[in-house]
A.B. asks: 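The structure's right below; bear with me while I get my questions together.
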2 protein chains.
Amino acid sequence: MKTIRPFTRAIDRLSDAGLRPTRQRVALARLLFEDGDRHISAEQLHREATEAGVKVSLATVYNSLNQFTIAGLLREVAVEAGRSYFDTNTTQHHHFFNDDTGELQDIPGDSVVLSALPAAPENTVIDGVDVIVHIRNK
Amino acid sequence: MKTIRPFTRAIDRLSDAGLRPTRQRVALARLLFEDGDRHISAEQLHREATEAGVKVSLATVYNSLNQFTIAGLLREVAVEAGRSYFDTNTTQHHHFFNDDTGELQDIPGDSVVLSALPAAPENTVIDGVDVIVHIRNK
DNA sequence: GTGTTTGCAAAGTGTTTGCAATTTA
DNA sequence: TAAATTGCAAACACTTTGCAAACAC
């Protein structure tokens, strides 16, 4: 009864990524990865953790999000200056960003198609393509 | 035959946009608009102004950039959390962002083509599409 | 003159860091 | 026990704001 499956999965995910599965990191990983694709900021995650009764400092949330990102568990999405979002879906895909509400969401399937990609400038290589479709409430 | 963009003085540009052409705003508009397309942050513009002998405070640079943006003279481009870039080219186009150097540049011509656009979610309308091609040095 | 704009410094965000205490392996 | 991690507060980078003085019309 002590061995909860999802708990174990979070631990394995962290271990596999070379991150020590501490109490805080496991709790954050569960919040992040147990409910499918998520787009979340550090503040939001910290609030969720606190509401779930997990004692973790905001600094640790920031540090963990950055470590998870470096480890390839998360992807950082820049939508507007001053706020960072982290996306649990690390595969190549694109986003709607609601400028009214600040909400970020995936663009489903392949409903965005880039039919031509530019050549990278001299001495550079393409590292990734972000498409942000800005939307606002009707 | 080549389309020549009509030369508009900084003063007229500001007046037409409903902005009082003060000494500071005129100086900033000159720096921004007299040398073709530019991608610049508030700090950079402030430094340029200072180097050009224009006395203007950083707060006024920020305020002016925001006013210019609201007036449609500039377009703000979000590339990474924590830094705002302003683009003097307000037409629909896309960008390379060099993650190594922090440099932002236009993607030339039609070398990026979005061949499909998603439908906006319920009760929202599409406001614009940003394509950022992240590059890094070889 | 009257309303607008500026500059300064202070305040506000969001994020990172130094370091002692704690936890993990 | 040694090394890694945490929490706190302070530091940070960037941006906005309040208000008195300066300016544009």
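Just so you know, these numbers come straight off a predicted model, no measurement behind them. Just so it is clear: chains get the letters A, B, ... in the order the sequence lines come, proteins before strands, and each one is counted from 1.
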A.B. asks: Using whole Å, what does the distance between atom P of nucleotide D:dA13 and atom CD of B:Glu80 come to?
C.D. replies: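 Computing the B:Glu80:CD to D:dA13:P distance gives 14 Å.
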
A.B. asks: From D:dC25, D:dC14, D:dA3, pick the nucleotide closest to the side chain of B:Arg20?
C.D. replies: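 Looking only at side-chain atoms, B:Arg20 lies closest to D:dC25.
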
A.B. asks: Do the non-hydrogen side-chain atoms of A:Val56 and A:Arg25 ever get within less than 4.5 Å of each other?
C.D. replies: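 The answer is no; the side chains never approach within 4.5 Å.
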
A.B. asks: To the nearest 0.5 angstrom, please state how far the CZ atom of B:Arg136 sits from the OG1 atom of B:Thr101.
C.D. replies: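 The CZ atom of B:Arg136 sits 13.0 Å away from the OG1 atom of B:Thr101.
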
A.B. asks: Got a second to check how far A:Leu32's CG is from A:Glu48's CD, nearest 0.5 Å?
C.D. replies: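 Reported value, rounded in 0.5 Å steps: 8.0 Å.
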
A.B. asks: Rounded to whole Å, how long is the line connecting atom OH of B:Tyr85 with atom C1' of D:dT15?
C.D. replies: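 Roughly 15 Å, once rounded to whole Å.
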
A.B. asks: Mind checking who D:dC25 pairs with, Watson-Crick or G-U wobble, both distances under 3.5 Å?
C.D. replies: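 Answer to the pairing question: C:dG1, which forms a Watson-Crick or G-U pair with D:dC25.
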
A.B. asks: Please list, in 5' to 3' order, the outermost nucleotides of DNA chain C lying under 4.0 Å from any heavy atom of chain A.
C.D. replies: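 It runs C:dG14 to C:dA25.
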
A.B. asks: Closest to the A:Thr60 side chain: D:dT16, D:dT5, D:dG7?
C.D. replies: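 Closest nucleotide to the A:Thr60 side chain: D:dG7.
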
A.B. asks: Can a side chain N or O of A:Arg25 be found less than 4.0 Å away from OP1 or OP2 on D:dT5?
C.D. replies: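 For D:dT5, OP1 or OP2 has a side-chain N or O of A:Arg25 closer than 4.0 Å.
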
A.B. asks: Under 4.0 Å, counting only non-hydrogen atoms across every strand here, what does A:Asn66 touch: a base, just sugar-phosphate, or nothing?
C.D. replies: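 Answer is sugar-phosphate: A:Asn66 comes under 4.0 Å of backbone atoms only.
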
A.B. asks: For the pair made of CG in A:Leu14 and P in D:dT5, what is the distance, rounded to whole Å?
C.D. replies: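 So the CG-P distance, A:Leu14 to D:dT5, works out to 11 Å.
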
A.B. asks: Identify the residue among A:Asp87, A:Val133, A:Asn89, A:Val131 that makes a side chain to side chain contact (heavy atoms under 4.5 Å, CB included) with A:His95.
C.D. replies: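 Only one of A:Asp87, A:Val133, A:Asn89, A:Val131 forms a side chain to side chain contact (heavy atoms under 4.5 Å, CB included) with A:His95, namely A:Asp87.
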
A.B. asks: Which atoms of nucleotides 9-12 of chain D (N or O only) lie under 3.5 Å from a protein N or O atom, and what are those distances?
C.D. replies:
none

A.B. asks: Just verifying a value: how many Å separate A:Phe86 CZ and A:Leu65 CG, rounded to the nearest 0.5 Å?
C.D. replies: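 If I round to the nearest 0.5 Å, the distance is 4.5 Å.
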
A.B. asks: Would you mind pulling out the nucleotide paired to D:dG7, Watson-Crick or G-U wobble, both distances under 3.5 Å?
C.D. replies: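 Partner of D:dG7: C:dC19.
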
A.B. asks: Return the value, rounded to whole Å, for the distance between atom NE2 of B:His46 and atom C1' of D:dT15.
C.D. replies: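 It works out to 14 Å between those atoms.
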
A.B. asks: In whole angstrom, what separates B:Tyr62's OH from D:dT15's P?
C.D. replies: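 My rounded result for the distance is 3 Å.
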
A.B. asks: Can a donor-acceptor pair be found, under 3.5 Å and without considering hydrogens, that links the side chain of B:Arg38 to the backbone of B:Leu31?
C.D. replies: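 Checked: pair present.
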
A.B. asks: To the nearest 0.5 Å, what is the distance between OG on A:Ser64 and CG on A:Leu73?
C.D. replies: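 Nearest 0.5 Å value for the OG-CG distance: 11.0 Å.
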
A.B. asks: Is the phosphate of D:dG7 approached by A:Gln24 (side-chain N or O, under 4.0 Å from OP1 or OP2)?
C.D. replies: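 Yes, A:Gln24 has a side-chain N/O under 4.0 Å of OP1/OP2 on D:dG7.
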
A.B. asks: Please tell me which of B:Ser57 and A:Phe86 maps to the more 5' nucleotide of DNA chain C, matching each residue to the nucleotide holding its nearest heavy atom.
C.D. replies: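 Final value for this comparison: B:Ser57.
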
A.B. asks: Taking ILVMFWY side chains as joined if any heavy atoms are under 4.5 angstrom apart, and letting links pass through other members, which residues group with A:Ile132?
C.D. replies: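 Besides A:Ile132, the cluster holds A:Val77, A:Val79, A:Tyr85, A:Phe97, A:Leu104.
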
A.B. asks: Starting at atom CG of B:Asn63, determine the distance to atom P of D:dT16, rounded to an integer number of angstrom.
C.D. replies: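 That distance rounds to 8 Å.
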
A.B. asks: Enter the distance from A:Asn66:CG to A:Glu76:CD here, rounded to the nearest 0.5 Å.
C.D. replies: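 The CG atom of A:Asn66 sits 6.5 Å away from the CD atom of A:Glu76.
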
A.B. asks: Could you give the distance from CG (B:Asn137) to CD (B:Glu103), rounded to the nearest 0.5 Å?
C.D. replies: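 Here the interatomic distance stands at 9.0 Å.
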
A.B. asks: Identify, between B:Ala42 and B:Pro21, the residue whose nearest nucleotide on DNA chain D lies closer to the 5' end.
C.D. replies: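 Residue closer to the 5' terminus by nearest nucleotide: B:Ala42.
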
A.B. asks: If you assign each of A:Ser84 and B:Leu58 to its closest nucleotide in DNA chain C, which residue comes earlier from the 5' end?
C.D. replies: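 Taking each residue's closest nucleotide, the earlier one in sequence belongs to B:Leu58.
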
